[in-house]
Amino acid sequence: IIGATSPGVGANSAIAGGGIFIDSKCTFEMNGGTVGYNNATRHEGGGIFLFGNATISAGSIIGNRTATTFDWGGGGIFVNNDVTLTFKSTGTGSGTGTATVRDNTANGLGGGVSGCPHAYISIGDDTQDSNTGFGSISNGFAIYNNTANKSQSGYPTNPRLRTNDN
């Protein structure tokens, strides 16, 4: 699929999940490509709205936007209640990829990635470190330069966000 400014899903608009909306009976796996320059006009998930579990190993989620100021946001990706999003490393060597979530905007919370308080967001692979319980990232992965225009004040935090930055 060729988008407006780059290959992949792009230049789409929807009430929620401007680029891709994953229903609760579905799963989503991203191993490359681009979800870019999409817009959620009323609710969450400018690029991707996840109502089903997802794994992202490679590809770009770039330049998406959500206009909501009363929902959880998620300019790039929104993760709904009791859904698991895993950013998983694809290893090292030839044929491996990197995943990037960048330059996304939410008028609400979570410019790059946002989840409701009951969502599960994991950064790292399936191999857990015995000391920290977190997975590891052995190849490039980046979430940066995203903008959320609403502060966290008054909203609950997501205690299920897991990273391995200890």
Side-chain angles (χ1 to χ4, degrees), residues 9 12-33 35-36 38-62 64-90 99-102 104-137 141-144 146-166:
V9 177
N12 297 300
S13 186
I15 291 172
I20 299 171
F21 186 99
I22 303 301
D23 190 77
S24 63
K25 297 184 190 288
C26 301
T27 59
F28 177 71
E29 188 170 318
M30 184 171 181
N31 295 309
V35 177
N38 301 290
N39 186 35
T41 59
R42 181 159 179 167
H43 295 290
E44 298 100 334
I48 302 171
F49 184 107
L50 296 173
F51 214 127
N53 294 333
T55 300
I56 298 175
S57 300
S60 297
I61 295 132
I62 180 173
N64 299 288
R65 179 178 192 86
T66 182
T68 183
T69 58
F70 57 89
D71 286 337
W72 293 107
I77 304 169
F78 175 74
V79 185
N80 204 20
N81 185 40
D82 291 326
V83 170
T84 299
L85 166 61
T86 302
F87 290 102
K88 182 177 178 181
S89 172
T90 57
T100 305
V101 179
R102 68 177 176 90
N104 299 287
T105 302
N107 280 347
L109 302 171
V113 179
S114 181
C116 77
H118 302 287
Y120 298 89
I121 301 169
S122 175
I123 300 174
D125 62 24
D126 293 336
T127 306
Q128 292 189 348
D129 181 286
S130 60
N131 295 320
T132 66
F134 297 121
S136 64
I137 296 175
F141 193 86
I143 301 174
Y144 65 96
N146 298 288
T147 304
N149 293 322
K150 189 180 245 184
S151 73
Q152 184 70 28
S153 178
Y155 286 87
T157 59
N158 186 331
R160 298 176 182 183
L161 174 62
R162 295 177 38 150
T163 64
N164 65 346
D165 60 356
N166 296 347

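Note: hydrogens, waters and symmetry copies are ignored here, and every other heavy atom, side chains too, is used. Numbers here are sequence positions counted from 1. None of the values given here were measured: they were computed from a predicted structure.
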Enquirer: Consider side chain to side chain donor-acceptor pair (under 3.5 Å). Of N104, N107, N39, which one does R65 pass it with?
Expert: N107

Enquirer: To the nearest 0.5 Å, what is the distance between CD on E44 and CG on D71?
Expert: 4.0 Å

Enquirer: CZ/F87 to OG1/T55 distance, rounded to the nearest 0.5 angstrom?
Expert: 10.0 Å

Enquirer: Using the test ring pair (Phe, Tyr, Trp, His ring centres under 6.0 Å), find all partners of F21 that sit at least two apart in sequence or belong to another chain.
Expert: F49

Enquirer: Rounded to the nearest 0.5 Å, what separates atom CG in N81 from atom OG in S24?
Expert: 11.5 Å

Enquirer: Any idea which heavy atoms bring G110 and A106 closest together, and the distance?
Expert: O-CB, 3.7 Å

Enquirer: Which heavy atom in N146 sits nearest to a heavy atom in G111, and how many Å separate them?
Expert: CB-C, 3.6 Å

Enquirer: Nearest heavy-atom pair of T68 and R42: which atoms, and what distance?
Expert: CB-O, 3.3 Å

Enquirer: Would you please test Y144 and T100 for side chain to side chain contact (heavy atoms under 4.5 Å, CB included) and show each step?
Expert: CA-CA 8 Å; Y144 65 96; T100 305; 3.8 Å; yes

Enquirer: Rounded to the nearest 0.5 Å, what separation is found between the CZ atom of F78 and the CG atom of L85?
Expert: 11.5 Å

Enquirer: List the atom of G45, the atom of A40, and the distance in Å for their closest heavy-atom pair.
Expert: O-CB, 3.6 Å

Enquirer: I'd like to know if the side chain of N38 reaches the main chain of I20, judged simply by a donor and an acceptor atom lying under 3.5 Å from each other, with no hydrogens or angles considered.
Expert: no

Enquirer: When you measure from the side chain of N31 to the backbone of S57, do you find a donor-acceptor pair of N or O atoms at a distance under 3.5 Å?
Expert: no

Enquirer: Check W72 against P117 and note the closest heavy-atom contact, atom names and distance.
Expert: CZ2-CD, 3.5 Å

Enquirer: Only one of I77, I143, V113 passes side-chain contact (heavy atoms from CB on, under 4.5 Å) with I61; say which it is.
Expert: I77

Enquirer: Please round to the nearest 0.5 Å and tell me the distance separating atom CG of L50 and atom SG of C26.
Expert: 11.0 Å

Enquirer: Do you know which two heavy atoms are closest between G75 and N64, and how far apart they sit?
Expert: O-CB, 3.1 Å

Enquirer: Between the main-chain N or O of G74 and the side-chain N or O of T66, is there a donor-acceptor pair closer than 3.5 Å?
Expert: no

Enquirer: Rounded to the nearest 0.5 Å, how far does CG of N53 lie from CD of E29?
Expert: 12.0 Å

Enquirer: Please report the C-alpha distance between F51 and D23 in whole Å, then the side-chain angles of each, then the deciding distance to 0.1 Å, and finally whether the side chain to side chain contact (heavy atoms under 4.5 Å, CB included) criterion is met.
Expert: CA-CA 5 Å; F51 214 127; D23 190 77; 5.5 Å; no

